[in-house]
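All residue numbers in this chain count up from 1 along the given sequence.
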Amino acid sequence: MDQWEVHEGMPLMEALHLDRQCKGSSIVRVFRCVLSYVLMFALAWVIIGLIAPREVDPDPEAIREYLSFWESFLSYLRTGVVMFLLIGTPTIVIVVVAGIFHRKMEPPIFRAVVTVLTLLPAWFLLFSNTVQMLLLQVAAQVAFTTLVMPVPLIPRSEAQRAPKG
């Protein structure tokens with residue numbers, strides 16, 4: 001192939017170079033999206049561990065009724081790891097799949113739809129023993145989808161945006 005052949009209004013070699021750049025940047029954008037969600041989730045559970053009431057000591061012969069602050073904090077962090085498997089993993093799948101297939105929706109409407117979808121995995125926190133778990137997890141989900149999540153997740157390549165002619 002000659003590098004001067006025209007493909008969709010631009011030289012073919014330039015179109016292929018732009019296409020490769022967009023694929024690389026798309027993978028980086030997806031990775032950054034997932035990493036930012038994991039950090040937002042971890043921050044939410046650190047805050048939950050700090051402000052939630054101390055947990056009851058499971059040892060029936062314990063002198064004290066509640067765990068110490070740090071024991072309780074670590075217990076909440078362990079709970080956060082389990083919650084990541086139950087809430088975080090489905091949320092990441094929802095965000096990435098929605099971001100990949102997002103094409104025609106305006107960004108504010110897309111963010112609203114994804115916000116509602118990401119709240120679905122958190123439904124069983126309604127049955128948690130403290131309201132802080134539910135409120136902070138929902139706040140983290142909403143903050144991520146409305147403020148942090150990149151929209152569009154997969155940008156259209158420059159080759160696709162070039163005028164046809």
Side-chain angles (χ1 to χ4, degrees), residues 8 15-56 67 69-164:
E8 294 186 9
L16 290 174
H17 177 69
L18 286 173
D19 191 44
R20 270 188 243 122
Q21 277 183 329
C22 290
K23 285 181 184 172
S25 68
S26 297
I27 292 170
V28 169
R29 285 177 65 92
V30 169
F31 177 75
R32 284 184 183 167
C33 178
V34 170
L35 181 63
S36 62
Y37 178 77
V38 170
L39 292 175
M40 181 79 76
F41 191 94
L43 178 64
W45 279 91
V46 166
I47 294 171
I48 289 169
L50 291 172
I51 68 169
R54 291 191 298 168
E55 293 192 350
V56 176
L67 294 175
F69 174 79
W70 291 111
E71 289 173 326
S72 183
F73 178 74
L74 292 175
S75 176
Y76 280 115
L77 291 184
R78 284 190 296 272
T79 303
V81 171
V82 173
M83 291 296 116
F84 183 78
L85 296 174
L86 298 173
I87 297 171
T89 305
T91 299
I92 289 172
V93 170
I94 289 168
V95 167
V96 170
V97 169
I100 289 172
F101 291 109
H102 167 253
R103 293 287 179 251
K104 298 185 183 201
M105 219 179 290
E106 293 295 319
I109 296 170
F110 177 73
R111 286 184 187 277
V113 169
V114 172
T115 299
V116 170
L117 291 175
T118 59
L119 291 177
L120 294 177
W123 69 270
F124 57 86
L125 284 177
L126 291 170
F127 306 110
S128 66
N129 60 350
T130 64
V131 72
Q132 288 91 346
M133 285 183 188
L134 174 65
L135 293 179
L136 284 168
Q137 184 61 52
V138 166
Q141 302 283 90
V142 171
F144 174 76
T145 55
T146 57
L147 303 173
V148 179
M149 181 179 69
V151 175
L153 182 60
I154 309 293
R156 293 187 300 167
S157 69
E158 294 297 320
Q160 290 174 338
R161 283 189 236 159
K164 294 183 180 183

Run the side chain to side chain contact (heavy atoms under 4.5 Å, CB included) check on Ile92 and Phe84 step by step: do they pass?
CA-CA 10 Å; Ile92 289 172; Phe84 183 78; 3.8 Å; yes
Side chain to side chain contact (heavy atoms under 4.5 Å, CB included), that's the test. Do Met149 and Tyr37 meet it? Break it down for me.
CA-CA 8 Å; Met149 181 179 69; Tyr37 178 77; over 6 Å; no
Would you please test Leu119 and Gln141 for side chain to side chain contact (heavy atoms under 4.5 Å, CB included) and show each step?
CA-CA 7 Å; Leu119 291 177; Gln141 302 283 90; 3.9 Å; yes
Could you go through Ile87 and Leu125, starting from their C-alpha distance and side-chain angles, then the distance that decides it, and tell me whether this counts as side chain to side chain contact (heavy atoms under 4.5 Å, CB included)?
CA-CA 10 Å; Ile87 297 171; Leu125 284 177; 3.5 Å; yes
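Between the side chain of Arg111 and the backbone N or O of Thr145 there is at least one donor-acceptor pair closer than 3.5 Å. Tyr76 places a side-chain N or O within donor-acceptor distance of the main-chain N or O of Pro53, the cut-off being under 3.5 Å. With hydrogens and angles disregarded, a donor-acceptor distance shorter than 3.5 Å links the side chain of Thr146 to the backbone of Val142.
Tested against Val95 for a side-chain contact (heavy atoms from CB on, under 4.5 Å), the candidates Ile100, Val34, Val114 yield a single pass: Val114.
Considering only heavy atoms from C-beta on, Arg78 comes within 4.5 Å of Leu74 through its side chain. Considering only heavy atoms from C-beta on, Trp45 stays 4.5 Å or farther from Leu136 through its side chain. Cys33 places a side-chain heavy atom less than 4.5 Å from the side chain of Phe144. Annotation: side chain of Phe124 is in contact with side chain of Leu86 (closest heavy-atom distance under 4.5 Å). Side-chain contact check for Pro121 versus Thr89: every heavy-atom pair is 4.5 Å or farther apart.
When every heavy atom of Thr115 is checked against every heavy atom of Thr118, the shortest pair comes out as O-OG1, 3.0 Å. Looking at every heavy atom in both residues, Leu134 comes nearest to Ser128 through N-OG, 4.5 Å.
Rounded to the nearest 0.5 angstrom, Leu39 CG and Arg32 CZ are separated by 13.0 Å. A distance of 13.0 Å separates OG of Ser75 from CZ of Arg54, quoted to the nearest 0.5 Å. To the nearest 0.5 Å, atom CD1 of residue Ile48 and atom CD of residue Gln137 are 6.0 Å apart. For the atom pair OG of Ser36 and CG of Leu43, the computed distance is 12.0 Å after rounding to the nearest 0.5 Å.
The aromatic rings of Phe69 and Phe73 lie parallel to each other, their planes meeting at an angle below 30°, with 60° marking the opposite boundary.
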